[in-house]
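When reading the values below, keep in mind they use all heavy atoms of this one structure, side chains included, and skip hydrogens, waters and symmetry mates. Just so we're clear, the structure is a prediction, and the values are computed from it rather than from any experiment.
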Amino acid sequence: MPETILQLTDANIFQKDSLVLKDVTLSIDSGEFVYLIGKTGSGKSSFMKTLYGDIPLKKGNGTIVDFDLQKLKEKDIPFLRRKLGIVFQDFKLLPDRNINNNLKFVLKATGWKDAQKMTAKIEAVLDKVGMKTKGFKFPHEISGGEQQRIAIARALLNDPELIIADEPTGNLDPQTSVEVMKVLQDINKSGRTILMATHDYALILKFPSKTLKCDNGKVFEVVQRAV
């Protein structure tokens, strides 16, 4: 039986003091690829931020990669984030250093010490996203799609149990979006669980998968019609 990676029961999601999603109950199993859709302002980002500890879970129950979201302390958050890979819409690469050093910065920050192991890990994740030859480039020297591939590689550094991708194709043109999706699909096929927020319905039609929708303060699974 697949392991449950994320489980929420009657969870209320807040943005500052306002309740944005009420009584959220859902589960995601290991190996699943799940979309999270919904209009701007429907609570997608607050939902994602609750999962990685940016917003506390005040009401309801939630576990993610064996962490209890209700009992999550400030000091636990770095350990939670090591078991998650987070991909943002705007890449969040450090502009003052090349790609290899961007990735090395993350490894050092998460406790890696051995230089040889770090180099090998960086090569491995860059290879996975088709960017093995770009390690010496600076972020401004590569395209948006390539920067997002690097951001995905960075999310893979600590072998996460769950990748949370928040609008990873939001700043990319359609062709590049498809290329980035193919990278995410390959990563999912290798056994990683992915939760991806998106408003790009063309991608969902092209790569159909389990879809959760935020609407009117609720989260529910959408049954996809055959196209």
Side-chain angles (χ1 to χ4, degrees), residues 5-28 32-65 67-70 72 74 76-78 80-93 106 144-145 147-148 150-152 154-156 160-172 176-177 180-181 184 187-188 192-204 207 209-222:
I5 295 280
L6 167 66
Q7 177 88 47
L8 295 175
T9 311
D10 298 328
N12 282 2
I13 309 285
F14 287 84
Q15 187 182 19
K16 298 206 170 78
D17 292 328
S18 56
L19 177 65
V20 286
L21 295 167
K22 190 173 177 355
D23 299 333
V24 178
T25 297
L26 58 90
S27 69
I28 293 175
E32 284 197 286
F33 191 114
V34 181
Y35 292 110
L36 181 68
I37 61 171
K39 292 196 276 289
T40 304
S42 62
K44 291 197 306 287
S45 281
S46 300
F47 179 82
M48 294 294 215
K49 285 177 175 169
T50 304
L51 299 184
Y52 55 80
D54 236 22
I55 295 176
L57 180 65
K58 296 176 193 159
K59 183 174 180 294
N61 297 304
T63 52
I64 183 165
V65 295
F67 282 80
D68 185 327
L69 287 170
Q70 243 205 344
L72 197 66
E74 194 75 31
D76 301 327
I77 291 174
L80 165 64
R81 291 189 185 167
R82 270 175 223 183
K83 293 180 85 173
L84 302 173
I86 304 168
V87 181
F88 300 97
Q89 180 175 348
D90 53 359
F91 321 136
K92 295 199 182 336
L93 298 173
V106 174
Q147 288 190 53
Q148 192 56 292
I150 299 301
I152 294 166
R154 180 183 56 199
L156 291 171
E161 291 178 40
L162 172 65
I163 292 174
I164 293 177
D166 196 355
E167 299 278 3
T169 61
N171 289 339
L172 306 175
T176 310
S177 295
V180 166
M181 268 307 286
L184 287 170
I187 290 165
N188 174 242
R192 300 238 185 260
T193 314
I194 298 181
L195 173 63
M196 172 176 157
T198 185
H199 57 251
D200 189 338
Y201 292 97
L203 277 185
I204 297 175
F207 302 99
S209 197
K210 178 173 168 178
T211 302
L212 301 170
K213 184 172 188 179
C214 297
D215 194 25
N216 282 332
K218 295 276 182 204
V219 180
F220 51 89
E221 191 171 336
V222 182

Could you measure the distance from the [atom1] atom of [X] to the [atom2] atom of [Y]? Nearest 0.5 Å is fine.
X: Thr211; Y: Tyr201; atom1: OG1; atom2: OH; value: 9.5 Å
X: Gln148; Y: Ile150; atom1: CD; atom2: CD1; value: 10.0 Å
X: Ile5; Y: Ile28; atom1: CD1; atom2: CD1; value: 9.5 Å
X: Ile204; Y: Ile37; atom1: CD1; atom2: CD1; value: 5.0 Å
X: Leu21; Y: Leu19; atom1: CG; atom2: CG; value: 7.5 Å
X: Lys92; Y: Gln147; atom1: NZ; atom2: CD; value: 12.5 Å

Measuring only between side-chain heavy atoms, which start at C-beta, is [X] closer than 4.5 Å to [Y]?
X: Thr198; Y: Glu167; value: yes
X: Met48; Y: Ile86; value: no
X: Leu26; Y: Leu6; value: yes
X: Pro168; Y: Ile152; value: no

Where [X] and [Y] come nearest, the two heavy atoms and their spacing:
X: Gly62; Y: Leu8; answer: CA-CD2, 3.6 Å
X: Val87; Y: Ala151; answer: CG2-O, 4.2 Å
X: Tyr35; Y: Phe207; answer: OH-O, 2.6 Å
X: Val20; Y: Ser46; answer: CG2-CB, 3.9 Å
X: Ala155; Y: Pro160; answer: O-CG, 3.2 Å
X: Leu80; Y: Leu51; answer: CD2-O, 3.7 Å

Please step through side-chain contact (heavy atoms from CB on, under 4.5 Å) for the pair Phe220 and Asp215, ending with a clear verdict. CA-CA 8 Å; Phe220 51 89; Asp215 194 25; 3.9 Å; yes
Would you find a donor on one side and an acceptor on the other, under 3.5 Å apart, between the side chain of [X] and the backbone of [Y]?
X: Asp166; Y: Ala197; answer: no
X: Ser209; Y: Phe33; answer: yes
X: Arg154; Y: Phe91; answer: yes
X: Lys49; Y: Asp54; answer: no

Pair Asp23-Asn12, side-chain contact (heavy atoms from CB on, under 4.5 Å): steps then yes or no: CA-CA 5 Å; Asp23 299 333; Asn12 282 2; 3.6 Å; yes
Establish, for the pair Lys58 and Phe14, whether the NZ or CZ atom is under 6.0 angstrom from the six-membered ring centre and no further than 45 degrees off its axis. yes
I'd like to know whether CG of Asp90 has more than 12 heavy-atom contacts from other residues, nucleotides or ligands below 6.0 angstrom.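 Above 12, so yes.
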Other residues, nucleotides, ligands: >12 heavy atoms within 6.0 Å of Lys218 NZ: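 Atom NZ in Lys218 is packed in, count exceeds 12.
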Given Phe67, which of Leu84, Ile77, Leu72 fulfils the side-chain contact (heavy atoms from CB on, under 4.5 Å) condition? Leu72
I would like to know whether Asn61 and Gln70 meet side-chain contact (heavy atoms from CB on, under 4.5 Å); could you show each step before the answer? CA-CA 6 Å; Asn61 297 304; Gln70 243 205 344; 4.0 Å; yes
Begin with the C-alpha distance, continue with both residues' side-chain angles, and end with the deciding distance and a verdict on side-chain contact (heavy atoms from CB on, under 4.5 Å) for Val34 and Met196. CA-CA 6 Å; Val34 181; Met196 172 176 157; over 6 Å; no
